[in-house]
Amino acid sequence: MEGMSNGGMLYHEVQEAKLCAVHCVNTVLQGPFFSEFDLAALASDLDTIERQVMQGTVSAAASGDFLSAESHNVSLDGDFSIQVRRYSYMLFILFVVS
């Protein structure tokens with residue numbers, strides 16, 4: 001998964017499994033900064049935050065389907081939501097700036 005595949009001009013990961021978001025994030029950031037496990041942890045964090053918001057602002061009947069779902073940020077086959085990608089970019093920027 002890691003490494004230069006085009007002679008060192010740009011960082012590019014060879015596609016592996018259905019981890020498009022991992023490869024996308026790392027290509028944008030130009031390095032192997034996030035693994036599928038890192039993005040899964042971010043997805044879990046986002047799921048927790050979203051459930052807390054839903055429990056506090058929406059009626060139980062309206063939020064039932066949302067709250068009972070496993071995750072809205074990662075699928076069982078490893079596809080991540082755009083929110084997870086965005087969150088990873090924000091964390092990377094905070095790390096680089098600080």
For [X] and [Y], which heavy atoms make the closest approach, and how far apart are they?
X     : Y     : answer
Tyr11 : Pro32 : OH-CB, 3.4 Å
His72 : Asp47 : N-OD1, 3.4 Å
Val22 : Glu36 : CG2-CA, 3.7 Å

Validation: residues 74-81 side-chain donor-acceptor distances under 3.5 Å, sequence neighbours left out:
| unit_1 | atom_1 | unit_2 | atom_2 | d |
| --- | --- | --- | --- | --- |
| Ser75 | OG | Asp77 | OD1 | 2.3 |
| Ser75 | OG | Asp79 | N | 3.1 |
| Asp77 | OD2 | Lys18 | NZ | 2.9 |
| Ser81 | OG | Asn73 | OD1 | 2.8 |
| Ser81 | OG | Gln83 | N | 3.4 |
| Ser81 | OG | Gln83 | OE1 | 3.2 |
| Ser81 | OG | Val84 | N | 3.4 |

Problem - Summary of salt bridge (Lys or Arg N to Asp or Glu O under 4.0 Å) pairs that have at least one residue in residues 84-95, sequence neighbours excluded - result: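 Applying salt bridge (Lys or Arg N to Asp or Glu O under 4.0 Å) to every pair that reaches into residues 84-95, excluding sequence neighbours, yields nothing.
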Handout entry: Tyr89-Ile82 co-clustered via ILVMFWY side chain contacts under 4.5 Å
Key =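 Unlinked, Tyr89 and Ile82 end up in two clusters.
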Handout entry: Asp38 side chain to Ser35 side chain, donor-acceptor N/O pair below 3.5 angstrom
Key =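 There is such a pair (donor and acceptor under 3.5 Å, judged by atom type) between the side chains of Asp38 and Ser35.
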Exercise for the section: Could you walk me through whether Ile93 and Met90 pass the side chain to side chain contact (heavy atoms under 4.5 Å, CB included) test, one step at a time? Expected result: CA-CA 5 Å; Ile93 290 168; Met90 290 176 6; 5.9 Å; no
Exercise for the section: Identify the residue among Asp45, Leu39, Val25 that makes a side-chain contact (heavy atoms from CB on, under 4.5 Å) with Tyr87. Expected result: Asp45
Exercise for the section: Quick one: do Phe34 and Leu29 satisfy side chain to side chain contact (heavy atoms under 4.5 Å, CB included)? Show the steps, please. Expected result: CA-CA 9 Å; Phe34 290 92; Leu29 298 177; 3.6 Å; yes
Exercise for the section: Give a yes or no on whether the backbone of Thr27 and the side-chain of Gln30 come within a donor-acceptor separation of less than 3.5 Å. Expected result: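 Yes; judged by distance alone, with no hydrogens or angles, the pair exists.
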Problem - Separation of Cys20 SG from Glu13 CD (nearest 0.5 Å) - result: 11.5 Å
